[in-house]
Amino acid sequence: MLEVSLSHDFGSFAVDVAFAAPAGVTALFGASGAGKTTVINAVAGLFRPTRGRVVAQGEVLLDTERGVNLPARRRRVGYVFQEPRLFPHLSVRSNLLYGARFALKAAPGPGFDQVIEMLGIGALLERLPGALSGGEKARVSIGRALLSKPRLLLMDEPLAALDAARREEILPFIERLRDAGLPVLYVSHAIGEVARLASTVVLLDAGRVLAAGPAAEVFSDPALAPHLGGAEAGTVLVATVGETAPDGLVRLDTDAGPVWVAESPGAPGTRLRLRLHASDVILSRARPEGLSALNILPGIVERIEPEPGGRAFVRLRMGREAVLARLTQRSVTALGLAPGVACHAILKTVAVSRDDLGAG
Amino acid sequence: MLEVSLSHDFGSFAVDVAFAAPAGVTALFGASGAGKTTVINAVAGLFRPTRGRVVAQGEVLLDTERGVNLPARRRRVGYVFQEPRLFPHLSVRSNLLYGARFALKAAPGPGFDQVIEMLGIGALLERLPGALSGGEKARVSIGRALLSKPRLLLMDEPLAALDAARREEILPFIERLRDAGLPVLYVSHAIGEVARLASTVVLLDAGRVLAAGPAAEVFSDPALAPHLGGAEAGTVLVATVGETAPDGLVRLDTDAGPVWVAESPGAPGTRLRLRLHASDVILSRARPEGLSALNILPGIVERIEPEPGGRAFVRLRMGREAVLARLTQRSVTALGLAPGVACHAILKTVAVSRDDLGAG
Amino acid sequence: DPVIFAAASMKTALDEIATEFTAETGTKPVISYAGSSALAKQIDAGAPADMFISASVAWMDDVEKAGMVLPDSRKDLLGNTLVLVSDSEAPVDLPKLPEVLGDHKLAMALVDSVPAGQYGKAALTFMGLWDKVEPQVAQADNVRAALALVATGEAPYGIVYKTDAAAEPKVHVVATFPEDSHKPITYPVALIKDGPAPAEAKAFLDYLGTPKAVAIFEAQGFEVK
Amino acid sequence: MSFLSPEEWTAVLLSLKVATVAVAASLPFGIGVALLLARSRLPGLWLLNALVHLPLILPPVVTGYALLLSFGRKGPIGGFLYDVFGLVFAFRWTGAALAAAVMGFPLMVRAIRLAIEAVDPKLEQAAATLGAPRIAVFATVTLPLILPGVLAGAILAFAKAMGEFGATITFVSNIPGQTQTLPSAIYAFLQIPGGELQAARLAGVSVVVALGAVLISEGVARRVAKRIGGA
Amino acid sequence: MSFLSPEEWTAVLLSLKVATVAVAASLPFGIGVALLLARSRLPGLWLLNALVHLPLILPPVVTGYALLLSFGRKGPIGGFLYDVFGLVFAFRWTGAALAAAVMGFPLMVRAIRLAIEAVDPKLEQAAATLGAPRIAVFATVTLPLILPGVLAGAILAFAKAMGEFGATITFVSNIPGQTQTLPSAIYAFLQIPGGELQAARLAGVSVVVALGAVLISEGVARRVAKRIGGA
Ligand SMILES: Nc1ncnc2c1ncn2[C@@H]1O[C@H](COP(=O)(O)OP(=O)(O)OP(=O)(O)O)[C@@H](O)[C@H]1O
Ligand SMILES: Nc1ncnc2c1ncn2[C@@H]1O[C@H](COP(=O)(O)OP(=O)(O)OP(=O)(O)O)[C@@H](O)[C@H]1O
Ligand SMILES: [Mg+2]
Ligand SMILES: [Mg+2]
């Protein structure tokens, strides 16, 4: 549990932010210059706001009113900076091990070999950071923070400089850390990452909190879609892993019906969050036959929200869940969709990628 | 036209690369540490390889064999560095205008107001770079390169630090520069950006060229899919903008049939490249009725390429074009797909986003 | 105006005489005070000086050898006396100096290069004391520095000129070296060729012999020759 | 000012003039030499480096004497400069400035060089890709970035010039109104019986004047550094 | 070595010893003072800054005289040091080292301070977030990063110490084998007519010895800087 509230005026820019982050990953999301780094710096103890209060797992790190301001070195946060900030005079190995000597021996944390293996930096250990590539620097910087055995992880766009494959190796690691109980404050512009990792999303805009709450709520709110990038709007369904068919497909049971996916998200019974992109959902009045798409979920139109550019968001109610679909207005008319009309949502199995499945 | 060939041995890492980039945007794509920045530095004149030759628009910039090595200042490349490299002692305005005074007066290039407006940095002009946010620095750095009136643009992950909305404002600008004839060498890990901008893709792996050629070919080659991230495989169709319907939808005419999209890609008659994500394509033996999806293209199965994880790529031939669809094996079996079988490809209008439309 | 190059130790007296001279003649001598060695070298290098007053015979010889001295203008201007000073008042019997000194320091000017040191070394050698005190000799770069070592109590004894001892209230003259124990202490003076104001310089040189000037020199403890 | 005799007052002004001219005139050379030493790979540079250090390593008297022999009216360089440019150093305030400049040169060069070596070459590269010719890169990027170092070097050299004595008095003597700087005047007082108080008085003046100048420049340097340091 | 008399040989060794000890002993203080001046906001620091500059601004003789008055056996500091630690400076090589250290101190502090002011505070912040206590941040981040500055400062101070003469001879006089450093010996030769050649010979020795040391340290410094500069 992390509580953050701060306000500060830079003259040309003012922040005034307050939010609470429950366990798990909390994503700070917002446009460039929205104040994400500023907030994270305040949590790390690198920036002292005029007024502010930061409480992490019950310990008060900052309370300007009561004059408490724990220095950065005693906050035990692992901070992956937006720019790598590696120590130029130390080898990659020494950079990685820098925090270890100051860490509590008893504190839990990933092992050295595990981290360098996951980050693919084994071949760089004796190099100096100066001649590393951008992505290599970013990876070493992640490793350095992880190996300091922090009790709170602050990550400021940690994967921005990395390719998809590498990202795919690091994200599960962060998920595991999160599942082991390490709270993470995560800044990213990649909504896929955020949707996958974060249970809580704090949406910042010009130094203010625009929305904060469970990821599912924030992402399925059509009003926030412009801030998330319209193409990225979608719904998050709570799912339980079911049987694996002989052909390798896995059934996820949701309140809206079964969804077959091609990715293996965990053992049967595991609870997950399944993200459906609104743009991926096709609607049909009749139950369609002979389609390659395996997932056909019946529902009732609940709300239609027109969008500029000839499009509309249609919300289907399916039991206790709701699914958002993004259609053209022409289709809305052609299908005669209106609140109360029954129809089917069609979803391709392969459209559900690993990025869309997050642990519940 | 840009010809690049270079080889160099760093000891722990060796590059040996040769490719030719026709007009337009050439994307350098590859994992972290693949050698992208190294190649770009050689083109910019900041790194002198043991052996190498760089020819830009007929002018030899580097030819180690003939002892030619034009200094960076005379190469007239606009280089957006991977890290911003702003001049810390100059205001944002002076940073932006730095190159202008050395540029040829007559050279074409975007105007100051236009650039700061597009980058949204008007409010930052009198600030020093030190206290800018990461994304603000990145934007100023882009502006600085653009305003130096280069004859060749080198962009090393220019948008990595930016949010989707801001990216959406910058990409069309780069497209316009490209269309105005400015060659661009573009490094990015975001395949969407690359697919949208690039006519040519050079795929690097561990210092070597794995594949190079027109974007359509590289992206539709299932063998390269792992290097691109499987979810990103797709086809590129050549399209001509047709009529705009009263409801705002635009018809694109392709050899495979008409495709309705919601984005306005230009005046009627404009030639475009339309990217179809293989994961977005649904197949049906019978022509489906009553679906929200507006685009239904008939074709013949040409090839089925199984993928691990219970999936397969199916290539449909449609006139002179081919479309790639990514399905589960279960669907392939259920639909009885096999080479020669006729079926329909179903594509949602809204699944075609701005990112999938590039000028031809 | 005449430019006078003078040994730094003459500043007090010479400034006073110059003031008187200016009052009487309207001519204002410009006096450059520095070490005799520096001044001599400068004159050798063509310095625009009209007159040189050296604290050392050797350096005047050097200048003369270089052909810079106006013929027949050289003469011995002043003399001085070498004394033993201490921060205590008890007089010292010079032959007992080594015993009195114990393992303390004896402050002198550089014994091989600075005149006061050379005279002192000669005197001590003459009296058969040099070998005994040599290890205890602390050599300063000039007499004033040697005196300062005594005045601050760092060295209980020092060998300096009488003129220096007279002005320092913290030290006392505890013995005077016999005149025959060393070569006579002489401050030679000469006019220099090609100076900017030879006539005025000559006038000032003459003025140095007037009773008024002599009185001023003597008040400082110099012997006028 | 009754605290200082007119002659002493002249010495104060002369010292300031000498120090200022020494620093101002040597600064371009100092920057040039520092650039060479920091950046160039010419083979003979260790000699230049050695030469620059000499005034620090040798007793000032030796430096002064060397100046007298080479820049004196009869010296090879002095004679040449006089014949060709009509420049005279010997026994003029210009000579005092030359001596002060030479003595302060190692300090100045070292500070500037340290700053140059700390400049991030990536910024200069960025300027080059933007089309800036080498001189422009230096003037618009390198120089502003090393400004704290240049100022530090200038301050050191100025302070040194205000205190320089051995080389000056050996080279240009101690002629009131022409070459008598504050340190020479202090020296003269230290050479006469009972002159300590007088010397202390002048030393006090020297300290006040020189420190004033130094601390003011410090303030400027600090502000410059802060402006850049925000990066 | 027949080129040098045994006494001169002793002076050479003594000069080296004095310079080395002066630099080694003053370095920690130099770093400390530079840190204070660069980083602290204490109100009285301008005074410390002024004090550090004094030996540069004052003629060396004055500094020597001041040392004599304060560090002499009867001086307030000298007396205290003797009573408490049995430390004696007067007429000892330790005194020469003290004088050299004091004279070189402004040069050393300035170079180190310049380097400290150039350190990117973001790296120190990074170390702090990794849990490093303030001293560890200094030892593992700041100090290695300012090493080129520290070396530059040490080189300047060493060169200065090899050439220092005025303050040394005034403070500890010239006792062959104990306090007669090379510069004193050179000075002595310059005081006798015809001694120039001898002085030049010793000056040559001084130049070779000191420059050797300086150029070697330069090489080291350059390598250190390169290692870090790769960043
Ligand atoms: N001077 C050097 N010495 C040794 N290795 C080097 C040097 N410069 C670059 N390399 C190595 O060359 C490889 C390619 O570096 P480059 O910066 O070109 O990668 P990149 O493709 O731009 O990667 P990224 O996406 O991470 O920025 C890296 O593994 C890097 O460590
Ligand atoms: N010291 C300062 N003085 C003035 N403005 C500042 C200062 N520090 C930050 N800002 C401004 O505050 C705003 C928020 O900065 P911050 O670094 O928190 O943004 P961000 O959300 O991390 O953006 P990005 O995604 O681009 O990194 C920016 O507009 C920045 O220019
Ligand atoms: Mg940020
Ligand atoms: Mg790179």
Side-chain angles (χ1 to χ4, degrees), chain B residues 37 40-41 43-48 61 70-92 94-105 107 109 127-132 137 140-141 143-156, chain D residues 27 31 34-36 38-42 111-155 217-231:
Chain B
T37 302
I40 281 208
N41 278 340
V43 174
L46 300 181
F47 161 65
R48 193 183 189 286
L61 304 184
L70 213 64
R73 64 178 178 280
R74 292 219 238 105
R75 295 198 180 190
R76 294 188 52 220
V77 298
Y79 189 168
V80 181
F81 297 92
Q82 193 167 7
E83 75 284 2
R85 295 204 197 180
L86 299 180
F87 303 123
H89 57 296
L90 298 179
S91 69
V92 166
S94 306
N95 264 284
L96 289 168
L97 291 174
Y98 191 89
R101 64 186 121 169
F102 307 113
L104 300 179
K105 287 282 166 306
R127 301 255 307 265
L128 285 174
L132 295 184
K137 281 184 193 153
V140 175
S141 161
R144 184 177 67 171
L146 293 179
L147 290 170
S148 70
K149 298 191 178 174
R151 63 170 171 195
L152 171 64
L153 204 51
L154 306 175
M155 308 187 91
D156 199 349
Chain D
L27 204 51
I31 294 174
L35 262 179
L36 271 178
R39 292 283 173 85
S40 170
R41 301 260 157 105
L42 290 179
I112 299 176
R113 185 175 149 194
L114 196 56
I116 293 175
E117 282 165 352
V119 168
D120 187 352
K122 291 188 172 168
L123 293 176
E124 296 174 322
Q125 288 182 349
T129 65
L130 290 165
R134 226 176 283 205
I135 298 175
V137 173
F138 177 74
T140 59
V141 178
T142 320
L143 192 58
L145 290 177
I146 63 170
L147 219 51
V150 172
L151 271 166
I155 289 171
S217 339
E218 290 266 305
V220 174
R222 203 172 268 262
R223 219 164 314 153
V224 169
K226 203 185 246 165
R227 199 181 136 84
I228 301 181

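Remember, it's a predicted structure, so these values are computed and weren't measured experimentally. Here is the naming used below: chain letters follow the sequence lines, and residue numbers restart at 1 for every chain.
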Which heavy-atom pair separates [X] from [Y] by the least distance, and what is that distance?
{"X": "B:Arg144", "Y": "D:Ala126", "value": "NH2-CB, 3.9 Å"}
{"X": "D:Pro133", "Y": "B:Arg73", "value": "CA-CD, 3.4 Å"}
{"X": "D:Leu130", "Y": "B:Ala145", "value": "CD2-CA, 4.4 Å"}

Distance in Å, [X] [atom1] paired with [Y] [atom2], rounded so as to fall on 0.5 Å steps:
{"X": "D:Leu123", "Y": "B:Leu86", "atom1": "CG", "atom2": "CG", "result": "9.0 Å"}
{"X": "D:Thr140", "Y": "B:Arg101", "atom1": "OG1", "atom2": "CZ", "result": "5.5 Å"}
{"X": "B:Asn41", "Y": "D:Gln125", "atom1": "CG", "atom2": "CD", "result": "7.0 Å"}

Tell me, for B:Arg85 versus chain D, whether the close heavy atoms (under 4.5 Å) come from the side chain, the backbone, both or neither.
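Contact with chain D involves both backbone and side-chain atoms of B:Arg85.
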Sort B:Leu147 into side chain, backbone, both or neither according to what part of it lies under 4.5 angstrom from a heavy atom of chain D.
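Neither part.
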Do the non-hydrogen side-chain atoms of D:Leu145 and B:Phe87 ever get within less than 4.5 Å of each other?
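In short, these two side chains do not touch, never coming nearer than 4.5 Å.
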Taking the side chain as every heavy atom from C-beta outward, state whether B:Tyr98 and D:Val141 have any pair of such atoms under 4.5 Å apart.
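Contact flag for B:Tyr98/D:Val141 side chains = yes.
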Residue, of B:Pro71, B:Pro150, B:Ala103, B:Ala72, that accumulates the most heavy atom pairs under 4.5 Å with chain D
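Option with the top pair count is B:Ala72.
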